[in-house]
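Contents: one structure, followed by commentary.
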Amino acid sequence: MLRQQDVGHRIVVRRIVGIREGRPQFSDALGELVELSETHLTLATAQGPLRVPVAQVHRAKRVPPTRRPTAAAVVALERAADEAWPAPTRGRLGDWLLRSAEGWTGRANSALPIGDPDRPLAAAVDAVERWYADLGQPALINTPLPLAAPVGAELDARGWTARPPTLVQTAPLPLLASTPADGSGSAVVELATAPSDEWLAVAAGRKGGLPDSARHILTAVNQVRFAHVYADDTLVAVGRGTVTGQGRWLGLSLIEVLPAARRQGLARRVIHELAGWGASAGATHAFLQVEQRNEAAVALYQRLGFVTHHTYLTRVAPN
């Protein structure tokens, strides 16, 4: 059977899905194990998350990965993503990053445990808990998998919970920049070096407010563009692009289309315009982060050529 050491690795599960003529019926599932508890396990599969009660598991085992990125590649992309979403309050534990931004988004208010924390693992987690307690915030740790699987095992032992899996997806930038945008009537896309008040209002609506720390995160990147999409002088879609990671990575974030303007290809159009800007700035690849349960967004990004590079879990300390 599986153990906590298997979290973050590719597994196959044979589960009981029914009984026919007194005999159990089985179904196999293949994916990355992102959660394992006494009652259930959760896989990140190509079709989306799959939660399987332990009572239904007939057999389960780890299987070899398929084209998994190297640890160095995961670290490099995670650092590029951190540069693209810079928390204003920061600390370090050796190579580990500590980040705080008035609670605005999990990414900017979580520790990133990549590299050597310069102390035993248990002591490093203790230090993370103290750092956030001193700020009056709940302790969060983002664990890229399987790179940070040992950290995840330590957090499991301490009773930390996990938010839904997040996919870190990538695509070659020439592919995105050359993909024709869907037709969308009179909509006009404008790229600006600063967000308009209307743009900020859309971001605030999506993220639940906009504290000063949020404005820092959005604008404190050397190379950044804010996409504004207008239809009849009304802002109907937004997006944000950054170039980080020594100029290699275009980071896409806050791709948002207002409800009344959805299903018109506007999100694709925003990505296309930002990809063109990123390519002109010298970037070669794009990345984004999307919750696996956001099936509509995952499907869109898949159609554009994005594939999952790795996943991460945001772990939450017990009260």
Side-chain angles (χ1 to χ4, degrees), residues 77 80-81 83-86 107 167-207 210 214-215 217-290 294 296-307 309:
L77 182 48
E83 293 174 35
W85 201 254
R107 275 183 283 169
L167 308 179
V168 181
Q169 299 197 313
T170 62
L173 204 50
L175 174 65
L176 297 179
S178 63
T179 301
D182 293 344
S184 48
S186 59
V188 176
V189 182
E190 299 178 7
L191 298 185
T193 57
S196 68
D197 290 341
E198 293 172 298
W199 194 105
L200 292 172
V202 173
R206 176 170 175 178
K207 296 294 186 181
L210 209 69
R215 295 173 184 266
I217 290 168
L218 293 172
T219 60
V221 181
N222 288 335
Q223 296 192 83
V224 61
R225 290 294 185 273
F226 298 87
H228 302 68
V229 183
Y230 292 93
D232 299 324
D233 297 324
T234 299
L235 185 68
V236 293
V238 301
R240 175 177 175 269
T242 57
V243 174
T244 59
Q246 299 181 329
R248 178 188 179 192
W249 289 103
L250 168 71
L252 298 170
S253 59
L254 288 169
I255 309 298
E256 181 76 6
V257 179
L258 272 62
R262 289 175 183 165
R263 300 187 181 280
Q264 299 177 31
L266 294 180
R268 180 189 292 265
R269 190 158 184 173
V270 166
I271 292 171
H272 175 75
E273 294 295 330
L274 288 171
W277 166 75
S280 69
T284 59
H285 290 76
F287 77 89
L288 53 80
Q289 298 173 338
V290 58
N294 188 347
V298 171
L300 168 65
Y301 300 143
Q302 184 178 39
R303 290 194 297 272
L304 291 175
F306 281 91
V307 297
H309 186 272

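Numbers for residues simply follow the sequence, beginning at 1.
- A171 approaches G305 most closely through the heavy-atom pair CB-O, 3.7 Å.
- No side-chain heavy atom of T284 sits under 4.5 Å from any side-chain heavy atom of L173.
- In this structure a side-chain-to-backbone donor-acceptor pair under 3.5 Å is present from W199 to A227.
- Using a 4.5 Å cut-off on side-chain heavy atoms (C-beta onward), T170 and V307 make contact.
- Taking NE2 of H309 as the reference point, atom CD of Q289 lies at 12.0 Å (rounded to 0.5 Å).
- In this structure the side chain of F306 reaches within 4.5 angstrom of the side chain of L176, judged on heavy atoms.
- Scanning both residues, A275 and L250, for their nearest heavy atoms gives CA-CD2, 3.7 Å.
- Distance check, rounded to the nearest 0.5 Å: CD of E83 to OG1 of T242 gives 9.0 Å.
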Requested in this report: Might you work through the side-chain contact (heavy atoms from CB on, under 4.5 Å) test for V221 and R240, ending with a clear yes or no?
Outcome: CA-CA 11 Å; V221 181; R240 175 177 175 269; 3.6 Å; yes

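- How far CD of E198 is from CG of L235: 5.5 Å, rounded to the nearest 0.5 Å.
- Closest approach of H228 and A192 over heavy atoms only: CE1-CB, 4.0 Å.
- Between R303 and L300, some side-chain heavy-atom pair lies under the 4.5 Å cut-off.
- Atom CG of residue N294 and atom OH of residue Y301 lie 7.5 Å apart, to the nearest 0.5 angstrom.
- Residue F226 comes nearest to L218 through the heavy atom pair CZ-O, 3.2 Å, listed as atom of the first residue, atom of the second, then distance.
- Between Q264 and V257, the closest side-chain pair of non-hydrogen atoms is not below 4.5 Å.
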Report task. Start with the C-alpha gap between E256 and R262, add the side-chain angles, then the distance that decides, and say whether salt bridge (charged side-chain N to carboxylate O under 4.0 Å, His left out) holds. Result -> CA-CA 9 Å; E256 181 76 6; R262 289 175 183 165; 3.5 Å; yes

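- R225 has its side chain within reach of T193: a pair of non-hydrogen atoms, C-beta onward, lies under 4.5 Å apart.
- Taking all atoms of both residues into account, the shortest heavy-atom contact from Y230 to E190 is CE1-OE1, 3.9 Å.
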Report task. Go through the steps to decide whether I255 and L274 satisfy the test side-chain contact (heavy atoms from CB on, under 4.5 Å), and finish with yes or no. Result -> CA-CA 10 Å; I255 309 298; L274 288 171; 4.3 Å; yes

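- Here the shortest heavy-atom pairing between L210 and A203 reads CD1-CB, 4.4 Å.
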